[in-house]
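Lettering follows sequence order; numbering is per chain, from 1. What's counted below: heavy atoms across the whole structure, side chains too, no hydrogens, waters or symmetry copies.
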There are 2 protein chains.
Amino acid sequence: MVTLAEVAQHAGVSASTVSYVLSGKRSISPTTRQRVEESIRQLGYHPNAGARALASSRSNIVALMIPLRTDMYVPVMMEIAIAVATAARTHGYDVLLLTGEEGPDAVRRVTGSGLADAMIVMDVELDDERLPLLRGTDRPSVLIGLPADPSGLTCVDLDFRATGALCVEHLASLGHRDLAVIGEAPGVYERHTGFAERTLEGLRGRARELGVRLLHRPCEGGYDAMALTLARIFDERPGTSGFVVQNEAAVEPLLALLRQQGRAVPEDVSVVAICPEQVAVQASVRLTSVAIPAQEMGRRAVEQLVAKLDGRGSDEVVLLAPELTVRASSGPAPQV
Amino acid sequence: MVTLAEVAQHAGVSASTVSYVLSGKRSISPTTRQRVEESIRQLGYHPNAGARALASSRSNIVALMIPLRTDMYVPVMMEIAIAVATAARTHGYDVLLLTGEEGPDAVRRVTGSGLADAMIVMDVELDDERLPLLRGTDRPSVLIGLPADPSGLTCVDLDFRATGALCVEHLASLGHRDLAVIGEAPGVYERHTGFAERTLEGLRGRARELGVRLLHRPCEGGYDAMALTLARIFDERPGTSGFVVQNEAAVEPLLALLRQQGRAVPEDVSVVAICPEQVAVQASVRLTSVAIPAQEMGRRAVEQLVAKLDGRGSDEVVLLAPELTVRASSGPAPQV
DNA sequence: ACCCACTGTCGAAGCGCTTCGACGCAGTAT
DNA sequence: ATACTGCGTCGAAGCGCTTCGACAGTGGGT
């Protein structure tokens, strides 16, 4: 391994000069700079990460905690993770991947050891047990998701409450009076996952305001679960004509089952999905949907984090405004 | 931050003793060990990662290169990534997430800086440009995937050639003589992604041996693309009665389109999928499939890597044997 | 009784980098 | 001339840990 000292010798300057060329923290004459850069190139020098971290107490690594479960929301998570990694690199950071498995211990380990300078936390529960730790440490952190009490924390998320409201508005404005929500798997609600609960609040709140009826049913993905759920819904509310789906694994089953039952989309029932753009476009019916802007969320999270690391930026909640795109799955409510 | 020296002082021993307690590299008397451990606990000591890396030239980090694209295979990638992260932790390693974006440069950067002790590379192309670098460095690496020439490399992968063969065998044994393969998106083949090409070889080879006809059509996911592809297939080979699908995004569209065309599964056409178990089980028809053992692959890759890091283990190609599970989507060929 | 091997502990020397203060040398203001 | 201010460079002091060799103390073999 080539060291700083070797580069310095090769370029005929002192080690500190090379260091300053690299960091730009002091001014260097153009000739010296060039000489050093040439030596670096020739020798194929790469600064040693450990030494750098030790001396500067900055690792240039941000940790990303992703959920361990692969039972929900996988493509979104993946997209966020990739966006985070990509965005972090453009700011000179690498990304350490932590699974939720270790839970709060991971936070302790990473902040305690100085392995990472900061962290991004996904899959936030309303009353997440990691929050006190994050508040208590001096390492910056950003949540992707919104807990019940975001005070003292920086959060980036889609405004799921507004998302829910928007879906109801859309369907109500088309004349639908009986709506059903196909939600995430029951476990997601049991864990009090922020986004799921907030969506529900938004849905229910606006439904109440607009005087439309709303049924919420959690649903595991897949055909069998969906069939059961759907049967129950139509038993309880035969007049249901509008669906909001927030569960990727339920989208296609729902469409297939409706078709199978002779209910035309959008003539007999309308469907609005909350899902990544791609899912909405590739479904068997092009879905009216509110997109989950995974890339944007990842990117914004990194930007917030970098701002904090640079001493700029403060605790702040960034809620991305939902956008509803009308496609082929929603239309006027059928005349009774 | 609490340091080793503070722990040593608190416990009334020297710093090196504390270090040896932590690493276990020299024997320590039970009483001393307990005293030190107690001090560590009381002070909430966490070893500094940078200092450790510098002194030991081991970072206890493995890098994981995942593809940047989210156009294919996402859940599998995610599952592998999580399995890798989880398995790595059980061996005391953390995982650094690299996207394919940087390409070979990422390999140089990470190995050059000592940021990671080793790396796992996913989404391997047959003639991947990262391979020479991996061969040339002394840092251990493991590929998840199989390049054209695996010499000097350690690889872990599902035996996709055998997988292809297995699918053909299954359909041929049911009497199907005209098979069609719905492949990954064209781009995947253009990049000469290892698994896709090998599957194809396996399919074609066994088809030739068994004297059945085989059509291969790459296909983007989604309904529209699938509809076009399917129409073409039935135009060219109206007698096609067996399908092999290797594209998660095409599975559901295919089933829906077949249904729509009045072709019953499995009475009129049989479908075999190469996909994660979950997809096969949750599809509208429970699919006969060869599972992609994502978790297993991730775990095995880590095991190989750790073995190499420990000086055990050698260059080796680990091919997991495919297993075909018969479900409801395949049956005897229709009588002509 | 003596030597040897072993066990448990310590001190010190780095690992490769960052960063602080110092210093020489212009250039500018007095 | 003198004093001052930058600028560009250097030397040295760590950052917190691992690890090597040294060294007491202990016990077993002869």
Could you please name the option among D:dC17, D:dT19, C:dC17 that lies closest to any side-chain atom of B:K25?
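Closest nucleotide among those given: D:dT19.
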
Which one, C:dT18, D:dG8, C:dG11, comes nearest to the side chain of B:S14?
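My answer, after comparing the listed nucleotides, is C:dG11.
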
Using the rule side-chain contact (heavy atoms from CB on, under 4.5 Å), only one of A:L134, A:D123, A:V317, A:V156 pairs with A:L143; which is it?
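Going through A:L134, A:D123, A:V317, A:V156 one by one, the side-chain contact (heavy atoms from CB on, under 4.5 Å) with A:L143 is satisfied by A:L134 alone.
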
Using only side-chain N and O atoms of [X], determine if any of them is under 4.0 Å from OP1 or OP2 of [N].
X     : N      : result
B:Y20 : C:dT7  : no
A:S19 : C:dC17 : no
B:R52 : D:dT18 : yes
B:S29 : C:dT9  : yes

How long is the line joining [atom1] of [X] and [atom2] of [N], in whole Å?
X     : N      : atom1 : atom2 : value
A:R35 : D:dC10 : CZ    : P     : 8 Å
A:L22 : C:dT19 : CG    : P     : 12 Å
A:Q9  : D:dG11 : CD    : P     : 12 Å
B:N48 : C:dC17 : CG    : C1'   : 13 Å
B:L4  : C:dA12 : CG    : P     : 17 Å
A:N60 : C:dG16 : CG    : P     : 19 Å

Could you say whether B:G50 or B:S23 is positioned toward the 5' end of DNA chain D, judged by the nucleotide with the nearest heavy atom to each?
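Whichever sits nearer the 5' end wins; that is B:G50.
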
Touch check for [X], heavy atoms < 4.0 angstrom, all strands: base, sugar-phosphate only, or nothing?
X     : value
A:L54 : base
B:I28 : sugar-phosphate
A:S56 : sugar-phosphate
B:S16 : base

Could you tell me whether [X] and [Y] have a side-chain N and a carboxylate O separated by less than 4.0 Å?
X      : Y      : answer
B:R198 : B:D157 : no
A:E303 : A:R299 : yes
B:R89  : A:E102 : yes
B:R35  : B:E38  : no

Any donor-acceptor N/O pair under 3.5 Å between C:dT9 base and B:R26 side chain:
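Side chain to base: pair found, below 3.5 Å.
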
Map B:A51 and B:S27 onto DNA chain C by nearest heavy atom, then report which one ends up closer to the 5' terminus.
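It is B:S27, whose closest nucleotide lies nearer the 5' terminus.
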
